[in-house]
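Written below as C-alpha cells is the structure these notes are about.
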Amino acid sequence: QVHLVESGGGVVQPGGSLRLSCAASGFTDFTFSSYAMNWYRQAPGREREFVAAITRAGDNAIYADSVKGRFTITRDNAKNLMYLQMNSLKLENTTVYYCNAVRDCRGTWGQGTQVTVSS
C-alpha cells in the first residue's frame, strides 16, 4: 500500500504563496508513476473537496474552478513527489490539504498539511 506524507503547509499572508509537497513511498506491486495523483482540502466540519489532479505521466492536469489560474499541480516521478504551487492565496484557502493517490479507482490518502492564510 502506498504511503503518502504531505508537507509545506504553514502561515502566509493573503496574496502570498506556498508550495505543498507530497512524498510517496511503500510501493509493492506498482511504482509512483502507476498512480494518478490529486490534491484535496477539507476544513473542520466541511466536506473534503477536490483541488487538482494530475495524470500518471504528469502530462495533463485539471483544477477546481476556485483555484484555476492560481494553483499548479506538478509531479516528479523520479523522486516520488507531487507538488501543489499555491499563489495568490485567499483567506478561504485556510484549511488542511491532502494528497491522494489513485490506481484502478482505489484511493490512498496522506495525513494532511495545514495551510493558514492570515493577515
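Note that this is a predicted model, so its numbers are computed, not measured.
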Between [X] and [Y], is any pair of side-chain heavy atoms under 4.5 Å apart?
{"X": "W39", "Y": "C22", "value": "yes"}
{"X": "R70", "Y": "Y63", "value": "no"}
{"X": "E49", "Y": "T95", "value": "no"}

Could you list the residues that satisfy side-chain hydrogen bond (donor to acceptor under 3.5 Å, both in side chains) with R75, not counting sequence neighbours?
->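 For R75 the side-chain hydrogen bond (donor to acceptor under 3.5 Å, both in side chains) partners, ignoring immediate neighbours, are N77.
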Look only at the side chain of [X] and the backbone of [Y], and say whether a donor-acceptor pair between them is shorter than 3.5 Å.
{"X": "D76", "Y": "A78", "value": "yes"}
{"X": "S21", "Y": "Y83", "value": "no"}
{"X": "N38", "Y": "A53", "value": "no"}

Give me the other members of the hydrophobic cluster that W109 sits in, counting Ile, Leu, Val, Met, Phe, Trp and Tyr linked by side-chain heavy atoms under 4.5 Å, directly or via other members.
->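 Noted: W109 shares its cluster with Y40, F50, I62, V96, Y98.
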Point-to-point distance, once rounded to the nearest 0.5 Å, from [atom1] of [X] to [atom2] of [Y]:
{"X": "L84", "Y": "T72", "atom1": "CG", "atom2": "OG1", "answer": "8.0 Å"}
{"X": "L81", "Y": "M37", "atom1": "CG", "atom2": "CE", "answer": "9.5 Å"}
{"X": "Q13", "Y": "L91", "atom1": "CD", "atom2": "CG", "answer": "11.0 Å"}
{"X": "L20", "Y": "C99", "atom1": "CG", "atom2": "SG", "answer": "9.5 Å"}

Counting heavy atoms not belonging to R56, are there more than 12 under 6.0 Å from its CZ?
->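 For R56, atom CZ is not crowded (no more than 12 foreign heavy atoms under 6.0 Å).
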When you look at CD of E92, are more than 12 heavy atoms from neighbouring residues, nucleotides or ligands closer to it than 6.0 Å?
->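 Counting other residues, nucleotides and ligands, CD of E92 exceeds 12 neighbours.
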Only one of V11, L18, N93 forms a side-chain contact (heavy atoms from CB on, under 4.5 Å) with V117, so which one is it?
->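 Option passing the side-chain contact (heavy atoms from CB on, under 4.5 Å) with V117: N93.
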Partner of Y97 by side-chain contact (heavy atoms from CB on, under 4.5 Å), out of M86, E6, Q42, Q114 |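 The single option meeting the side-chain contact (heavy atoms from CB on, under 4.5 Å) with Y97 is M86.
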Going only through I, L, V, M, F, W and Y residues with side-chain contacts under 4.5 Å, is there a path from V51 to V102?
->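 Per the 4.5 Å side-chain linkage, V51 and V102 are not co-clustered.
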Is it the case that one hydrophobic cluster holds both V5 and Y35, taking links as side-chain heavy atoms less than 4.5 Å apart, direct or via other members?
->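 V5 does not cluster with Y35.
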Consider only side-chain N and O atoms of S17 and N87, and report whether a donor and an acceptor are under 3.5 Å apart.
->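 There is such a pair (donor and acceptor under 3.5 Å, judged by atom type) between the side chains of S17 and N87.
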Taking atom types as modelled, find out whether S33 and T31 have a side-chain donor-acceptor pair closer than 3.5 angstrom.
->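 Yes, side-chain donor-acceptor contact under 3.5 Å.
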Steps toward side-chain contact (heavy atoms from CB on, under 4.5 Å) verdict (H3, S25) = CA-CA 5 Å; H3 180 63; S25 62; 3.9 Å; yes
Run the numbers on S66 and R41 for side chain to side chain donor-acceptor pair (under 3.5 Å), then give the verdict.
-> CA-CA 12 Å; S66 60; R41 61 190 178 192; 3.2 Å; yes
Residue pair V115 / G9: nearest heavy atoms and the distance that separates them |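 Here V115 and G9 meet closest at CG2-CA, 4.2 Å.
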Determine the minimum heavy-atom distance between V2 and A101, stating which atoms define it.
->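 Closest heavy-atom pair between V2 and A101: CG1-CB, 4.1 Å.
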Could you go step by step and tell me if I73 and M82 meet the side-chain contact (heavy atoms from CB on, under 4.5 Å) rule?
-> CA-CA 7 Å; I73 184 172; M82 180 182 64; 3.8 Å; yes
